[in-house]
Peer 1: 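To start, I am sharing the structure in question, which I have written as structure tokens.
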Amino acid sequence: MKNQIRDPQTSILGDVKGIIFDYGGTLDTAGCHWGKMLWRAYERQQVPVTEEQFRDAYVYGERTLGRNPIIRPDDTFHRTLSTKIRLEMEHLCTQGAWDASENDFKEKHEAVLNDLYSEVQRITAHSAEVLTELHKRYPMVLVSNFYGNIACVLREFGLDGFFLDIVESAVVGIRKPDPRIFTLGVEALNTHHPSPITPQEILVVGDSFYKDILPAQKAGCKTAWFKGEGWTSEEYNESIPDLIINDLQGLL
């Protein structure tokens, strides 16, 4: 799929004075939902469970991490991903979906972790190349639903020098799809910019139609939907985002 602009006569980037980026699913998976990223690794490493069983474990893991202070501010992404996979696999075992021995559990956990981490390293390296160019042209901030350790994760992948500020859900107490978190992003951009930037002059880039595109539009911003493999087969009104991309390169 080629990058799509709703009005082919005028690029929206010509009016943009600042950019707000999502992190998870956007800069680390090239638009692919994290549930799908994990499931593909489970498939590649032949973890003997069905996708339906995995989905249940994935939801369990995300809710557990969201409700409990398991991830610490200084935890790397490698450690975060290891914890996430362990929670999922433990759930699969306790629910009877996977009768794994201790050695099987350890081997599959390590295999899925190494598989996924190498993928994220490859994708974030490409993201860094694009962000390097965008950083020369626009002030940028990050707005992310994350566990309180996003600053550590950005340093881990060499993405920490691109953003003037970070608005992280675990820190500000507001989670997407609440539009207020994007309003905080707009305010963060203006804090670091010599002249006022209106929401209409800010482009929000994210992979989630529900958590990024719709709430960012409600906050008054322009939107670029990074369309990748979703968690469901739901179809969306593609006339809503101002720009549709399938590679960050489409922003240059």
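When reading the values below, keep in mind they use all heavy atoms of this one structure, side chains included, and skip hydrogens, waters and symmetry mates. All values reported here derive from a predicted model rather than from experimental measurement.
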Peer 1: Just checking Y117 against F157, ring centres under 6.0 Å apart?
Peer 2: yes
Peer 1: Is a donor on one side and an acceptor on the other found under 3.5 Å between the side chain of D28 and the backbone of G25?
Peer 2: yes
Peer 1: Quick check: do T132 and F162 have side-chain heavy atoms less than 4.5 Å from each other?
Peer 2: yes
Peer 1: Looking at side-chain heavy atoms only, is the closest gap between V172 and E168 below 4.5 Å?
Peer 2: no
Peer 1: Can you tell me if OH on Y210 sees more than 12 non-hydrogen neighbours from other groups inside 6.0 Å?
Peer 2: no
Peer 1: Minimum heavy-atom separation for C152 and P73, please, with both atom names.
Peer 2: CB-O, 3.7 Å
Peer 1: Where do H192 and D165 land on the side chain to side chain contact (heavy atoms under 4.5 Å, CB included) test, with the steps shown first?
Peer 2: CA-CA 8 Å; H192 298 279; D165 209 340; 3.6 Å; yes
Peer 1: For T50 and Q53, indicate whether the former's side chain and the latter's backbone hold a donor-acceptor pair under 3.5 Å.
Peer 2: yes
Peer 1: Taking C-beta and beyond as the side chain, do V141 and I166 meet within less than 4.5 Å on heavy atoms?
Peer 2: no
Peer 1: Cluster question for you: counting only ILVMFWY and a side-chain heavy-atom cut-off of under 4.5 Å, with indirect links fine, are V16 and V204 together?
Peer 2: no
Peer 1: Please report the interatomic distance CG(L27) to CG(L131), rounded to the nearest 0.5 Å.
Peer 2: 5.5 Å
Peer 1: Would you say the side-chain atoms of S82 pair up with the backbone N or O of H78, donor to acceptor, closer than 3.5 Å?
Peer 2: no
Peer 1: Looking at side-chain heavy atoms only, is the closest gap between L142 and V167 below 4.5 Å?
Peer 2: no
Peer 1: Hey, does the side chain of D56 reach the backbone of E52 with a donor-acceptor pair shorter than 3.5 angstrom?
Peer 2: no
Peer 1: Under 4.5 Å between any side-chain heavy atoms of E90 and F105, yes or no?
Peer 2: yes
Peer 1: If you look at every heavy atom in P177 and P215, which pair is closest and at what distance?
Peer 2: O-CB, 3.1 Å
Peer 1: Which value, rounded to the nearest 0.5 Å, describes the distance between L65 atom CG and T80 atom OG1?
Peer 2: 8.5 Å
Peer 1: Any chain of hydrophobic side-chain contacts (each under 4.5 Å) joining I70 to V153?
Peer 2: yes
Peer 1: Is the number of heavy atoms from other residues, nucleotides or ligands under 6.0 Å of R86 CZ greater than 12?
Peer 2: yes
Peer 1: Say whether L189 and F21 are linked into one hydrophobic cluster, either directly or through other cluster members, by side-chain heavy-atom distances under 4.5 angstrom.
Peer 2: no
Peer 1: Any salt bridge linking R40 with E229? Criterion: basic side-chain nitrogen under 4.0 Å from a carboxylate oxygen.
Peer 2: yes
Peer 1: I need the minimum non-hydrogen distance between Q217 and T223, along with the two atoms involved.
Peer 2: N-CG2, 4.0 Å
Peer 1: Report the distance from atom CG of L252 to atom CG of L13, rounding to the nearest 0.5 Å.
Peer 2: 9.0 Å
Peer 1: If I take atom OG1 from residue T26 and atom CD1 from residue I123, how far apart are they, to the nearest 0.5 angstrom?
Peer 2: 11.5 Å
Peer 1: If you measure from CD on E133 to CG on L248, what distance do you get to the nearest 0.5 Å?
Peer 2: 13.0 Å
Peer 1: Just checking, is any N or O donor in the side chain of Y147 or K84 under 3.5 Å from an acceptor N or O on the other one?
Peer 2: yes
Peer 1: For N149 and D75, which heavy atoms make the closest approach, and how far apart are they?
Peer 2: ND2-O, 2.8 Å
Peer 1: Looking only at side chains, do N237 and S239 share a donor and an acceptor under 3.5 Å apart?
Peer 2: yes
Peer 1: Around atom CD of E110, are there more than 12 heavy atoms of other residues, nucleotides or ligands at under 6.0 Å?
Peer 2: no
Peer 1: Nearest 0.5 Å please: distance from the CD atom of E235 over to the OG1 atom of T232.
Peer 2: 10.0 Å
Peer 1: F226 and I150: same hydrophobic cluster, using ILVMFWY side-chain contacts below 4.5 Å?
Peer 2: yes
Peer 1: Is it true that E51 and R55 make a salt bridge, defined as a side-chain N closer than 4.0 Å to a carboxylate O?
Peer 2: yes
Peer 1: Got a salt bridge between R44 and D115, using NZ or NE/NH1/NH2 to carboxylate O under 4.0 Å?
Peer 2: yes
Peer 1: Strictly distance-based, threshold 3.5 Å: is any side-chain N or O of K108 a donor or acceptor partner for the main-chain N or O of Q45?
Peer 2: yes
Peer 1: Could you please spell out the steps behind the ring-ring contact (aromatic ring centres under 6.0 Å, His included) verdict for W34 and F77?
Peer 2: CA-CA 13 Å; W34 255 106; F77 182 73; 5.7 Å; yes
Peer 1: Report the relative orientation of the aromatic rings in Y23 and F146; use parallel for angles under 30°, tilted for 30 to 60°, perpendicular for over 60°.
Peer 2: perpendicular
Peer 1: Check whether the ring centres of Y58 and W39 lie less than 6.0 Å apart, and answer yes or no.
Peer 2: no
Peer 1: Test side chain to side chain contact (heavy atoms under 4.5 Å, CB included) on V205 and I20; report intermediate values, then the result.
Peer 2: CA-CA 6 Å; V205 183; I20 293 174; over 6 Å; no
Peer 1: Counting only heavy atoms not in K218, do more than 12 sit closer than 6.0 Å to its NZ atom?
Peer 2: no
Peer 1: When you measure from the side chain of N190 to the backbone N and O of I197, does any donor-acceptor pair fall under 3.5 Å?
Peer 2: yes
Peer 1: Between L243 and W225, is a side chain to side chain contact (heavy atoms under 4.5 Å, CB included) present by the stated rule, with each step listed?
Peer 2: CA-CA 6 Å; L243 179 66; W225 182 29; over 6 Å; no
Peer 1: What about the rings of W231 and F209, do their centers lie closer together than 6.0 Å?
Peer 2: no
Peer 1: I want to check something: taking the side chain as every heavy atom from C-beta on, are N246 and K227 in contact at a cut-off of under 4.5 Å?
Peer 2: no
Peer 1: Considering all heavy atoms of both residues, which atom of G24 and which atom of S144 are nearest to each other, and what is their separation?
Peer 2: N-OG, 4.5 Å
Peer 1: Could you pull out the closest heavy-atom pair between D22 and G206, with the gap in Å?
Peer 2: CB-CA, 3.9 Å
Peer 1: Does E88 form a side chain to side chain donor-acceptor pair (under 3.5 Å) with Y42? I'd like the steps, not just the answer.
Peer 2: CA-CA 11 Å; E88 292 168 357; Y42 273 59; 2.8 Å; yes
Peer 1: Sorted by first residue and then second, give each salt bridge (charged side-chain N to carboxylate O under 4.0 Å, His left out) pair with at least one member in residues 188-212; sequence neighbours left out.
Peer 2: K17-E201, K176-D212
Peer 1: What I'd like to find out is whether the side chain of L214 reaches to under 4.5 Å of the side chain of I240, using heavy atoms alone.
Peer 2: yes
Peer 1: Can you check whether R175's main-chain N or O pairs, donor with acceptor, with S169's side chain at less than 3.5 Å?
Peer 2: no
Peer 1: Does the side chain to side chain contact (heavy atoms under 4.5 Å, CB included) test come out yes or no for D104 and D99, once each step is laid out?
Peer 2: CA-CA 9 Å; D104 285 343; D99 183 19; over 6 Å; no
Peer 1: Membership question, hydrophobic clusters at under 4.5 Å side-chain separation (ILVMFWY): are L92 and Y60 in the same one?
Peer 2: no
Peer 1: Salt bridge or not for E102 and K106, using N-O below 4.0 Å?
Peer 2: no
Peer 1: Mark yes or no for whether K222, through its side chain, and I202, through its backbone, hold a donor-acceptor pair below 3.5 Å.
Peer 2: no
